[in-house]
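Beneath this line is the structure, given in structure tokens, with notes to follow.
Heavy-atom basis, side chains included; hydrogens, waters and symmetry copies ignored. Order of listing sets the numbers, starting from 1, for every ligand and every atom in it.
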Amino acid sequence: MTGGPALRLRGVRKNFGEHAALDGVSLDVQEGEVVVVIGPSGSGKSTLIRCVHQLDTIDAGAIYLDGELLGYEQHRGGLRALGARRVAAQRSRMSMVFQQFNLIPHFTVLRNITEAPVRVHGRPRAEAEAEGMELLERVGLADRAHHYPRQLSGGQQQRVAIARAVATKPRITLFDEPTSALDPELVDDVLAVMRGLAEEGMTMIVVTHEMAFAREVADRCVFMESGRIVESGPPAELFTTPSSPRLRSFLARHHNAEAFASTVESNS
Ligand SMILES: Nc1ncnc2c1ncn2[C@@H]1O[C@H](COP(=O)(O)OP(=O)(O)OP(=O)(O)O)[C@@H](O)[C@H]1O
């Protein structure tokens, strides 16, 4: 730990062919901060956190975790890419929760959670299991510890995936639209688990279309468009007095969609 931000992005660029999915993104995430990334489809939100987690390599700029450059090292006055083992070691200090929960089907719920702490972080199994049970308690699934993923609903599987992500005590947890593959009635339980982690001071970046979650839980909201951060700030400011016209029209579209959904709900 450095006393600086937990995560720092400077001028990050990611190209897919001719197209810049990230076009010079700079962002600091402080320890304990919850940053929620919003923006239209294709604006680069997922690419941003995939680059942080080193699932995608970057084409320019730099990303630092606790002051350590990710993916590259100084070599003969320039930079060279790190080997796979060192990248894996850096990645093991972060966790990511995906849209699709990807639990290992032939492992029990508890084993899904303890596998990385035991195999990657060398924790004694008994200790990892005790902590795994505590985590399951926190996500409301202690009674499912010895079930298999197929015996759980999508929302329950996602809560297990979140417990798995935080079991390694990551410096930062990245969420990529964690509720968008779920039936609407399962979304709230997952968001409640994430809200609990935020209240405990976990450092998080959350990509989501859940505007109420962004408004209520984010310390800072980042609005992206065309691979750039157009505006960022505390949600109370961003949502009430957006300065960019693009953010204003994005919020209006979402507001209309939410108002429509609540009318349908109250009429049903
Ligand atoms: N593997 C890939 N190959 C080619 N283009 C890609 C790839 N991944 C993303 N892109 C492109 O990069 C841009 C940013 O995509 P990204 O998935 O980051 O957007 P997003 O804001 O997360 O969108 P959504 O809200 O729809 O998930 C898009 O134009 C997308 O088509």
Side-chain angles (χ1 to χ4, degrees), residues 7-27 29 34-63 70-71 81 84 87 91 94-102 154-155 158 161-162 165 172-184 186-187 190-191 194 204-215 217-218 220-233 235 238-239 242 244-258 260-261:
L7 185 76
R8 167 165 283 184
L9 279 75
R10 281 295 171 269
V12 172
R13 190 176 173 88
K14 172 67 188 172
N15 302 320
F16 288 112
E18 298 288 293
H19 175 70
L22 296 179
D23 188 8
V25 170
S26 295
L27 175 71
V29 181
V34 178
V35 172
V36 174
V37 184
I38 59 172
S41 182
S43 55
K45 306 181 297 295
S46 295
T47 304
L48 173 73
I49 56 173
R50 287 179 60 84
C51 286
V52 169
H53 203 36
Q54 301 190 73
L55 296 172
D56 286 332
T57 54
I58 60 176
D59 294 299
I63 305 176
L70 295 182
V87 169
R91 286 186 61 205
M94 299 177 251
S95 280
M96 187 149 161
V97 175
F98 298 87
Q99 231 176 77
Q100 298 294 342
F101 354 105
N102 298 332
Q158 189 61 303
I162 294 172
I172 184 161
T173 306
L174 311 163
F175 294 81
D176 191 4
E177 300 192 24
T179 57
S180 58
L182 300 177
D183 291 338
L186 303 176
V187 167
V190 171
L191 293 179
M194 292 168 61
M204 299 164 43
I205 303 181
V206 183
V207 170
T208 186
H209 292 282
E210 296 288 341
M211 292 298 138
F213 178 86
R215 270 198 302 267
V217 182
R220 193 149 47 98
C221 237
V222 166
F223 172 64
M224 289 190 70
E225 192 165 65
S226 306
R228 295 187 179 165
I229 294 179
V230 174
E231 198 167 333
S232 100
L238 213 76
F239 283 89
S244 98
R246 290 168 181 281
L247 175 56
R248 272 203 292 280
S249 66
F250 174 81
L251 292 175
R253 278 201 305 280
H254 268 274
H255 180 72
N256 291 342
E258 279 175 11
F260 176 72

**Prompt:** If we only count heavy atoms from C-beta on, is the Leu174 to Asp176 side-chain gap below 4.5 Å?
**Reply:** no
**Asked** What part of His19, side chain, backbone, both or neither, has a heavy atom within less than 4.0 angstrom of ligand 1?
**Response** side chain
**Message:** Under 4.0 Å from atom 6 (C) of ligand 1, can you find at least one protein heavy atom?
**Reply:** yes
**Complete:** Heavy-atom nearest pair, Gly155 first then Val190, reads O-CG2, 3.6 Å
**Item:** Sub-4.5 Å side-chain heavy-atom contact between Thr173 and Met96
**Value:** no
**Side-chain heavy-atom pair Phe223, Ser232 within 4.5 angstrom cut-off** = no
**Item:** Residue Thr47 vicinity, atoms of ligand 1 by number, heavy atom under 4.0 Å
**Value:** 14 (C), 15 (O), 16 (P), 18 (O)
**Request:** List the closest protein heavy-atom neighbour of atom 28 (C) of ligand 1: residue, atom name, distance to the nearest 0.1 Å.
**Result:** Gly42 O, 3.8 Å
**Prompt:** Between Ala21 and ligand 1, does any nitrogen or oxygen pair lie at a separation below 3.5 Å?
**Reply:** no
**Asked** With a 4.0 Å heavy-atom cut-off (strictly under), which part of His209 contacts ligand 1: side chain, backbone, both or neither?
**Response** side chain
**Request:** Would you mind checking which non-hydrogen protein atom is closest to atom 25 (O) of ligand 1, with the distance to 0.1 Å?
**Result:** Lys45 NZ, 2.8 Å
**Request:** Kindly give the heavy-atom pair with the smallest separation between Gly233 and Leu238, and that separation in Å.
**Result:** N-CD1, 3.7 Å
**Asked** Hey, what's the ring geometry for His209 with His254, parallel, tilted or perpendicular (30° and 60° as the breaks)?
**Response** parallel
**Asked** If every non-hydrogen atom of Ala20 is compared with every non-hydrogen atom of Arg13, which pair is closest and at what distance?
**Response** CB-NH2, 3.5 Å
**Asked** Identify the closest protein heavy atom to atom 17 (O) of ligand 1: which residue and atom is it, and at what distance?
**Response** Ser46 CB, 3.8 Å
**Item:** Contact atoms of ligand 1, heavy-atom distance to Ser41 under 4.0 Å
**Value:** 23 (O), 24 (P), 25 (O), 26 (O)
**Message:** Testing the basics here: between Ala214 and Cys221, what is the closest heavy-atom pair and its distance to 0.1 Å?
**Reply:** CB-SG, 4.0 Å
**Asked** For atom 22 (O) of ligand 1, is some protein heavy-atom partner under 4.0 Å away?
**Response** yes
**Asked** Within less than 4.0 angstrom of ligand 1, does Glu177 place any heavy atom?
**Response** yes
**Fill in**
Note: ligand 1 atoms sitting under 4.0 Å from heavy atoms of Ser43 are 19 (O), 20 (P), 21 (O)
**Item:** Identity and distance of the protein heavy atom lying nearest atom 9 (C) of ligand 1
**Value:** Phe16 CE1, 3.4 Å
**Message:** Using a 3.5 Å cut-off on N or O atoms only, is Gly44 in polar contact with ligand 1?
**Reply:** yes
**Message:** For Leu186 versus Gly154, what's the shortest heavy-atom pair and its separation?
**Reply:** CD1-N, 4.2 Å
**Fill in**
Heavy-atom closest pair (Val97 atom, Ala161 atom, distance to 0.1 Å) is CG2-O, 4.3 Å
**Item:** Min heavy-atom dist Pro40 to ligand 1 below 4.0 Å
**Value:** yes
